[in-house]
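From a predicted model like this one, the values you see are computed outputs, not experimental measurements. Nothing fancy with the numbering, it's 1 onward along the sequence.
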Amino acid sequence: MKDSSSNVWLDQIVDFVGEYRRSTPGYSPRELADNLQQRFLLTEDTAWRLTELIQQETSLGKLGLAAIELNLTFNCNLTCEYCFVHRKSPTDRMSFETAKKAVDLLIEKAAFSSIIITLIGGEPLLEYELIKKIVPYAEEAAGKGGLQVTWALTTNGTLIDEDILKFFAQHKINAMISIDGGPKTHDRYRVTRSGEGSWAKIAQLIPTIKKYQPWLGARMTVSTEAIDTMREDFHHIVNLGINQLIIAPAQGETLWDKGQIEKYGLNLMDILQDYHKLKQQGVPIFIEEFEQDENNHPGWGCRAGSTSLAIAPNGEVSPCSKLLGLTNESGRYVVGNVNTEINFELLEPFQNPLSRQPSHCKACSRTCAGGCYAVNFEQTGDHFRASEENCLFWVVCQEAKRISKIIAAGKLAPFI
């Protein structure tokens, strides 16, 4: 009787894990372990050991994908100094055949009923003719496999026109605009090859974009030169009609010092206060970082190389697009090419990142996600070792979440 009960219990765990993986694309090991612990009354240690076994079982040639990033080109019509693509060339263009093979790979390895395809670059709209071919191909191929495609696209916005917007609306492609603030801040780095700023053109296009995509998201990248104007730049973006915003520091080989990070954190707190006041006034705005619970950390590592892959214009495969943008070949971590062959076993470190967690991180009182793999490599030479800069930015983000939750609960009024 005891053995029978144990078998039923194990079958329930297996069924739960299978359903959880199918219904939660890009899930983190930490979230799975927490769910196992709560649902089946496991100890924390047992839940973790079980999760690690599940991660090992689903790796090494058993890759289950939820998403791919198609780098349609490494070329761009702007020359942003902080861009993660360090080497740009007009010859770095993805062919239709390469794009099809990348989509076929995603469909073949799909572990979930819904898959995500992100169109990225460089500037992806330089390859709009390719987009018009690959979107219907992917939708048809996914449909035959019983899959649904969700599209995302990141663009500098300067090449958008109504024909593009109509196509995007038809295929439900959500565009996210890169805009760093007001004209002075934005045009400091985001300039054309002739040195002209791009803010005015984007600002002029936003009303047209919102006709076709009423809820519009943007990424606000904060350079060290823009720390003092962060709050002002935030309001510039909101006044343009942007609804959803990602605010993030420009990180790379050049390090921020502690004073700059502290100032960034203080200014982010000012933006947080303004954000809650705008919401109270009924302004349609959403910043995910301010809406998350600081206790719900995603686990060590991200989905790159685990449930998501990035494809370079020439077909090279890497865990993520930011890695492909590096100049160091070890940093780029290319595991093959969709046009030839891919060694999925090389992805094992990214499928089981917890096994690469540095000892000092295991002992840390602030549980984090381990930083961005690309930034880690640029700053420490190791994809899985975060720099002190990354640790400090993590603390800033966690404090923002904590304070935001207090304000949202009505326990602290936004400062006047």
| remark: Applying salt bridge (charged side-chain N to carboxylate O under 4.0 Å, His left out) to Asp228 and not counting sequence neighbours gives Lys263
| Quick one: ring pair (Phe, Tyr, Trp, His ring centres under 6.0 Å) partners of Tyr212, sequence neighbours excluded? | none
| request: Using a strict 4.0 Å threshold on nitrogen-to-oxygen distance, state whether Lys101 and Asp104 make a salt bridge. | output: no
| query | Are side-chain N/O atoms of Thr380 and Asn376 paired as donor and acceptor at under 3.5 Å? | reply | no
| request: Verify side chain to side chain donor-acceptor pair (under 3.5 Å) between Thr98 and Asn339, making sure each step is shown before the conclusion. | output: CA-CA 7 Å; Thr98 295; Asn339 295 302; 3.2 Å; yes
| task | State which residues pass side-chain contact (heavy atoms from CB on, under 4.5 Å) with Leu392; sequence neighbours excluded, sorted by chain then number. | result | Lys258, Ile261, Glu388
| query | If every non-hydrogen atom of Ile209 is compared with every non-hydrogen atom of Leu165, which pair is closest and at what distance? | reply | CA-CD1, 3.8 Å
| message | Could you work out, with salt bridge (charged side-chain N to carboxylate O under 4.0 Å, His left out) as the rule, every residue matching Glu97, not counting sequence neighbours? | response | Lys100
| query | Crowded around Lys133 NZ? As in, over 12 foreign heavy atoms under 6.0 Å? | reply | no
| remark: Residues at least two apart in sequence or cross-chain that pass ring pair (Phe, Tyr, Trp, His ring centres under 6.0 Å) with Phe377, listed by chain then number, are His383
| task | Would you tell me whether Asn77 and Glu123 have side-chain atoms, one donor and one acceptor, within less than 3.5 Å of each other? | result | no
| task | Please list, chain by chain and in numerical order, all residues satisfying ring pair (Phe, Tyr, Trp, His ring centres under 6.0 Å) with Trp256, sequence neighbours excluded. | result | Tyr264, Phe393
| message | Going by ring pair (Phe, Tyr, Trp, His ring centres under 6.0 Å), name the residues that satisfy it together with His171, two or more places apart in sequence or in a different chain. | response | Phe167
| message | Applying salt bridge (charged side-chain N to carboxylate O under 4.0 Å, His left out) as the test, list every pair that has at least one member in residues 173-189; sequence neighbours left out. | response | none
| said: Please determine whether the number of non-hydrogen atoms from other residues, nucleotides or ligands lying under 6.0 Å from atom CD of Glu162 exceeds 12. | reply: yes
| Are Tyr373 and Tyr333 close enough that their ring centres sit under 6.0 Å apart? | no
| Does anything in residues 149-158 pair up under salt bridge (charged side-chain N to carboxylate O under 4.0 Å, His left out), and if so which pairs, sequence neighbours excluded? | none
| remark: The single option from Ile115, Asn174, Ile116 that satisfies side-chain contact (heavy atoms from CB on, under 4.5 Å) with Thr150 is Ile116
| task | List in chain and number order the residues that pass salt bridge (charged side-chain N to carboxylate O under 4.0 Å, His left out) with Arg332, two or more places apart in sequence or in another chain; answer none if no residue qualifies. | result | Glu316, Glu329
| message | Is it true that Thr158 and Asn156 share a donor-acceptor pair across their side chains at a distance under 3.5 Å? | response | yes
Contacts table for residues 357-366: side-chain donor-acceptor under 3.5 angstrom, sequence neighbours left out:
none

| query | Taking only residues two or more places apart in sequence or in another chain, which ones pass salt bridge (charged side-chain N to carboxylate O under 4.0 Å, His left out) with Lys279? | reply | Glu291
